[in-house]
Protein chains: 2
Amino acid sequence: MSKMRISSFLKIKQDIMGKIKSRHWLPGDTIPGEEALAVEYGCSRMTVNRAVRELAESGIVERRRKAGTRIALQPDRSAKLQIPVVRKEIERRGAVYRYALLERVEMVPPDGIRAKLSLGPKTKVLHIRCLHFADETPYQYEDRWINLERVPTCVDEKFEKISPNEWLLEREPFSEAEHGFSAQLADAEIASILNIKKGDALFVVERRTWQDDDTITAVQLSYPGASYKMLSRS
Amino acid sequence: MSKMRISSFLKIKQDIMGKIKSRHWLPGDTIPGEEALAVEYGCSRMTVNRAVRELAESGIVERRRKAGTRIALQPDRSAKLQIPVVRKEIERRGAVYRYALLERVEMVPPDGIRAKLSLGPKTKVLHIRCLHFADETPYQYEDRWINLERVPTCVDEKFEKISPNEWLLEREPFSEAEHGFSAQLADAEIASILNIKKGDALFVVERRTWQDDDTITAVQLSYPGASYKMLSRS
DNA sequence: GAGTGGTCTAGACCACCTG
DNA sequence: AGGTGGTCTAGACCACTCA
């Protein structure tokens with residue numbers, strides 16, 4: 001065991017990852033405890049703790065009290081997706097952003113939407129359909145349902161100048177979200193809205209947003225598929 | 001300022017998030033320094049540090065030495081995508097997994113692939129096309145290029161029993177990856193491979209994988225779009 | 001029950017950055 | 001130049017969970 005004199009939780013992390021990479025430790029193995037590692041690296045237990053804790057947070061090792069720390073068996077690949085505000089995404093590409101409201105209705109939603117939002121039978125929602133342009137080309141079609149019980153103040157907002165996307169982000173921080181991604185074919189209606197051909201590929205993002213167990217909003221975002229690519233680097 | 005007696009970095013995090021949610025602190029505001037917060041919460045600076053550091057890691061605040069800690073202006077939504085091994089994904093759905101190799105060739109790649117992998121002019125690669133079935137229905141088509149300079153041992157692997165996906169995951173841990181997601185239309189070839197119609201929607205994932213600045217592999221994964229949905233909960 | 005990780009403390013030194 | 005965050009220490013107590 002070579003004792004490290006320069007202690008740093010980053011160096012300890014890299015050293016442990018090196019021992020896994022070189023197959024010195026194999027998946028399923030239990031590695032030494034924090035106290036032992038602190039002696040080995042010549043540092044305090046807190047420093048080891050931060051190193052190993054961060055490895056556990058990235059899924060590389062698994063920790064349990066008394067049982068110790070084990071190399072994870074088959075860590076899934078995970079990727080952190082940045083899902084930017086549409087306007088920023090368009091402006092970052094150097095294009096001019098424009099927003100257009102297509103429809104804004106307060107209503108009791110159809111059953112499918114009611115189920116998605118987990119709403120009571122007569123709860124009203126705000127249904128908004130709108131379009132985001134990049135350099136006057138349709139970039140994203142947004143079809144959104146907002147829970148009026150949870151976000152009552154939006155009845156006073158016309159959404160003619162600001163998109164519901166940005167409006168909600170300002171007023172409902174720290175909400176939890178679930179995202180689904182899929183590919184679909186454009187039907188005649190969406191094709192005419194996005195100015196593409198019927199049967200073209202659409203990249204579709206569905207998002208549901210909660211806070212404190214209440215559903216706030218559900219939205220379906222459709223992008224012309226060929227031109228859109230969502231990137232993530234892990 | 002109410003002094004907290006029960007100090008915990010989690011309580012401090014929640015308290016700070018509460019002050020942002022209630023608009024006590026607005027985006028762009030500078031919040032008190034660690035020492036001041038430690039006094040306010042009646043705890044040590046390390047505890048405050050962990051709370052605020054984790055908020056910075058989630059993008060809720062931004063920190064700079066000397067300048068202090070500010071509430072982030074417009075935190076992007078981010079989602080952690082789990083990208084499982086195909087086999088596990090299929091088995092989790094209760095379906096029977098089967099793997100089939102379609103083609104395996106060692107070659108000097110065409111220019112487009114060479115550029116994607118950042119390879120020298122005469123570097124050889126291994127080109128693999130294969131198929132993953134769920135209950136005998138084509139589930140995912142995999143078109144992969146492996147850098148033979150970086151992963152020479154794979155010339156000895158036939159990839160008839162094990163998919164390159166799993167083979168590489170076992171041997172190249174901790175690689176960095178970049179993912180792209182898009183929607184495409186199936187051409188005649190892919191349609192016949194996946195047993196769908198030409199012009200059907202495809203959900204396409206492109207992944208490039210590095211380690212230590214060397215590209216290891218690039219892969220394109222195609223799913224029949226209607227049947228596929230990638231989920232993530234943040 | 002005992003061993004492990006989870007957290008906290010009260011100090012310290014340093015690196016970075018802004019005013 | 002000085003204030004801020006970034007990290008580290010050497011202790012401590014506690015909570016969980018396995019045997």
Side-chain angles (χ1 to χ4, degrees), chain A residues 1-20 25-73 75, chain B residues 1-20 25-73 75:
Chain A
M1 300 298 161
S2 61
K3 294 198 185 180
M4 285 189 157
R5 296 255 153 252
I6 306 150
S7 59
S8 150
F9 75 98
L10 279 176
K11 290 207 173 86
I12 297 175
K13 270 177 83 169
Q14 287 168 3
D15 190 67
I16 292 174
M17 285 170 62
K19 283 180 178 168
I20 303 174
W25 288 332
L26 296 173
D29 284 1
T30 301
I31 75 175
E34 295 191 349
E35 207 145 356
L37 288 175
V39 174
E40 180 181 336
Y41 290 113
C43 67
S44 82
R45 217 195 102 200
M46 272 294 285
T47 305
V48 170
N49 177 270
R50 179 159 178 196
V52 184
R53 175 164 39 83
E54 291 192 358
L55 289 176
E57 280 162 2
S58 7
I60 291 168
V61 300
E62 289 167 359
R63 321 192 77 187
R64 265 181 325 199
R65 283 159 154 130
K66 167 77 178 176
T69 301
R70 294 170 166 230
I71 311 298
L73 288 175
Chain B
M1 301 298 159
S2 61
K3 293 198 185 180
M4 286 188 158
R5 295 256 154 251
I6 307 151
S7 58
S8 151
F9 75 97
L10 279 177
K11 292 208 172 84
I12 297 176
K13 271 177 83 169
Q14 287 168 3
D15 190 67
I16 293 175
M17 284 168 63
K19 284 182 176 164
I20 302 175
W25 287 332
L26 296 172
D29 283 1
T30 301
I31 75 175
E34 295 192 348
E35 207 145 356
L37 288 175
V39 172
E40 179 180 337
Y41 289 113
C43 68
S44 82
R45 215 195 105 200
M46 272 295 284
T47 304
V48 170
N49 178 270
R50 180 159 177 197
V52 183
R53 174 162 40 81
E54 291 192 359
L55 289 175
E57 281 162 3
S58 355
I60 290 168
V61 301
E62 288 167 359
R63 321 192 76 187
R64 268 186 324 216
R65 283 159 152 128
K66 166 75 180 181
T69 301
R70 295 172 168 228
I71 310 298
L73 288 175

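Because the structure is predicted, anything quoted here is derived from the model rather than measured. All chains are named by letter (A, B, ...) in the order of the sequence lines, taking the proteins before the strands, and each is independently numbered beginning at 1.
- Atom pair A/N49:CG and D/dA12:P shows a separation of 18 Å (rounding to whole Å applied).
- Going from atom CZ of A/R70 over to atom P of C/dG5 covers 12 Å, rounded to whole Å.
- Scanning all heavy atoms of the two residues, the minimum distance from A/G59 to A/A72 falls at O-CB, 3.4 Å.
- Atom CZ of A/R53 is separated from atom P of D/dC8 by 12 Å (rounded to the nearest Å).
- Considering all non-hydrogen atoms of both residues, A/I12 and A/C43 come closest at CD1-SG, 3.8 Å.
- Minimum interatomic distance between A/K13 and A/A51 (heavy atoms only, all atoms of both residues): CG-O, 3.5 Å.
- Remark: C1' of C/dT7 and NZ of B/K13 are 14 Å apart, rounded to the nearest angstrom.
- Using modelled atom types, one finds a donor on one side chain and an acceptor on the other under 3.5 Å when comparing A/N49 with A/R53.
- Taking only side-chain atoms of A/K66, from C-beta outward, the nucleotide of D/dG11, C/dA2, D/dT7 with the closest atom is C/dA2.
- Nearest nucleotide to the A/R65 side chain, out of D/dC8, C/dG5, D/dG5: C/dG5.
- Phosphate proximity of D/dG6 to B/R63: present, with a side-chain N or O under 4.0 Å from OP1 or OP2.
- Evaluation of atom-type donor-acceptor distances gives no pair under 3.5 Å for the side chain of A/R64 against the base of C/dG6.
- Between A/S8 and D/dT7, a side-chain N or O to OP1/OP2 separation shorter than 4.0 Å is absent.
- Nucleotide D/dC8 holds its C1' atom 10 Å from the CD1 atom of A/I12, rounded to whole Å.
- In this structure, B/T47 does not reach the C/dT7 phosphate: none of its side-chain N or O atoms is under 4.0 Å from OP1 or OP2.
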Under the criterion salt bridge (Lys or Arg N to Asp or Glu O under 4.0 Å), I'd like the reasoning laid out for A/D15 against A/K19: C-alpha separation, chi angles, the key distance, then a yes or no. CA-CA 6 Å; A/D15 190 67; A/K19 283 180 178 168; 3.7 Å; yes

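- Of the residues near DNA chain C, B/V48 and B/A67, the one whose nearest nucleotide (by heavy atom distance) lies more toward the 5' end is B/V48.
- Counting any heavy atom pair closer than 4.0 Å across all strands shown, A/R50 reaches sugar-phosphate atoms only and no base atom.
- In this structure, A/E62 places its CD atom 13 Å from P of C/dG6, rounding to the nearest Å.
- The shortest distance between the side-chain N/O atoms of A/T69 and the OP1/OP2 oxygens of C/dT4 is not below 4.0 Å.
- In this structure, B/R45 atom CZ and D/dG3 atom P are separated by 14 Å, rounded to whole Å.
- Summarising the geometry, the separation between CD on A/E35 and P on C/dG6 is reported as 14 Å, rounded to the nearest angstrom.
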